[in-house]
Amino acid sequence: MRQSLVMGNWKMNGSRSEGLALANAIVAGLKEGDKGIAVCVPSVYLSDIERAIENTPLALGGQNVADQASGAYTGETSAFMLKECGCEYALVGHSERRTYYGDTDESVAARFCQAQKEGIIPVLCIGETLEERESDTTFAVIDQQLNAVIDMAGIDALANSVIAYEPVWAIGTGKTASDEQAQEVHKYIRKQIAAKSQTVADKIQILYGGSVKPDNAKAIFAMADIDGGLIGGASLDAASFLAIYQAI
Ligand code: PGA
């Protein structure tokens with residue numbers, strides 16, 4: 001039985017005081033022994049949130065990580081820095097990074113490797129655009145995004161990572177993939193990994209992301225290959241985020 005994981009992605013929202021209030025409200029809704037819940041917060045607030053959630057079940061993540069270890073890379077945040085700020089996770093290859101900031105399959109793979117070098121669990125985001133789905137290339141896109149990482153990091157490295165399947169057309173649009181559509185791709189991802197290592201395939205958590213809300217979470221999480229969710233909009237409200245966590 002895989003441990004489930006519900007992860008919030010705050011993106012570039014809120015202020016320091018709002019972030020602290022949100023983190024405190026989430027923690028207030030958790031009880032000792034709760035597991036599998038995390039928030040990825042803006043990097044400038046990591047230290048503040050780290051202090052607020054110390055010794056609580058809520059884990060911390062970064063929203064991106066540099067593809068280099070250190071040096072003259074203005075504006076980037078290294079895996080070491082994230083680790084120092086208490087991050088257990090880092091998103092890599094979120095579609096907003098790929099679309100707006102030019103993150104390529106190769107740079108995403110390098111970010112994945114940098115995170116693991118510092119003992120941070122990379123959460124590899126993959127998924128097709130609407131155009132790709134409509135032209136029946138969803139599986140080819142998944143293969144390409146996944147294989148770029150496997151080629152660079154090796155299949156065994158995936159054992160210490162998380163995958164988030166996020167169809168780009170479902171992110172922030174209010175449109176979710178149907179439970180069956182999501183399961184179909186999750187099953188495919190696990191099958192592709194199993195072809196290289198059954199052990200890794202059995203272990204790896206594959207999250208679904210894209211307009212997950214309290215009212216659709218239960219049905220999505222009930223699917224066999226869906227181990228949790230990466231939650232954007234609904235993670236900005238403590239009650240909604242906790243309801244999604246409780247749906248699992
Ligand atoms: P959403 O975002 O839940 O607002 O669709 C998900 C994500 O981008 O991770």
Side-chain angles (χ1 to χ4, degrees), residues 4-14 18-19 22-23 26 36-43 45-46 49 58-65 82 87-103 108 111-112 115 121-130 132-133 138 141-142 145-146 161-179 181-183 185-186 189 205-221 223 226-248:
S4 58
L5 178 62
V6 170
M7 181 172 276
N9 174 11
W10 293 359
K11 308 191 181 185
M12 197 176 72
N13 287 298
E18 284 166 347
L22 177 54
I26 296 167
I37 181 162
V39 284
C40 297
V41 314
S43 56
Y45 300 141
L46 280 169
I49 307 293
L58 186 60
L60 191 60
Q63 298 179 7
N64 187 23
V65 59
L82 293 181
C87 288
E88 199 174 313
Y89 297 97
L91 303 181
V92 297
H94 189 282
S95 70
E96 286 149 19
R97 299 290 325 165
R98 295 181 191 259
T99 307
Y100 307 138
Y101 300 100
D103 288 13
V108 169
R111 290 168 203 276
F112 181 102
I121 300 171
V123 180
L124 171 65
C125 304
I126 57 179
E128 81 289 359
T129 61
L130 186 57
E132 289 161 345
R133 173 158 287 263
T138 297
V141 170
I142 296 292
Q145 294 177 339
L146 192 60
S161 75
V162 174
I163 289 177
Y165 167 59
E166 299 203 299
V168 179
W169 48 274
I171 296 178
T173 57
K175 265 196 215 170
T176 23
S178 71
D179 311 335
Q181 270 175 331
Q183 165 60 20
V185 180
H186 280 238
I189 294 168
Q205 293 164 317
I206 309 179
L207 314 182
Y208 170 79
S211 299
V212 178
K213 306 283 179 231
D215 59 357
N216 60 22
K218 211 179 175 73
I220 294 170
F221 295 162
M223 305 312 283
I226 301 184
D227 303 311
L230 181 57
I231 321 298
S235 75
L236 297 173
D237 176 74
S240 300
F241 187 55
L242 286 164
I244 292 170
Y245 175 63
Q246 274 135 21
I248 207 139

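Order of listing sets the numbers, starting from 1, for every ligand and every atom in it.
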If you count the atoms of ligand 1 from 1 in the order shown, which ones are under 4.0 Å from a heavy atom of [X]?
| X | answer |
| --- | --- |
| G210 | 5 (O) |
| L230 | 6 (C), 9 (O) |
| N9 | 9 (O) |
| G233 | 1 (P), 3 (O), 4 (O) |
| H94 | 7 (C), 8 (O), 9 (O) |
| G172 | 1 (P), 4 (O), 5 (O) |
| E166 | 6 (C), 7 (C), 8 (O), 9 (O) |

[X] side-chain N/O to [Y] backbone N/O, donor-acceptor pair under 3.5 Å:
| X | Y | result |
| --- | --- | --- |
| Q63 | C40 | yes |
| D227 | I206 | yes |
| Q145 | G127 | yes |
| S235 | G232 | yes |

Geometric class of the H186/Y208 ring pair [parallel <30°, tilted 30-60°, perpendicular >60°]: tilted
Heavy-atom closest contact (F112 atom, V92 atom, distance): N-CG1, 4.0 Å
Polar contact flag for G232 and ligand 1 (N/O pairs, less than 3.5 Å): yes
K11 to ligand 1, any heavy atom closer than 4.0 Å: yes
Point-to-point distance, once rounded to the nearest 0.5 Å, from CG of L58 to OH of Y245: 9.5 Å
Residue part near ligand 1, for A170, under 4.0 Å between non-hydrogen atoms: backbone
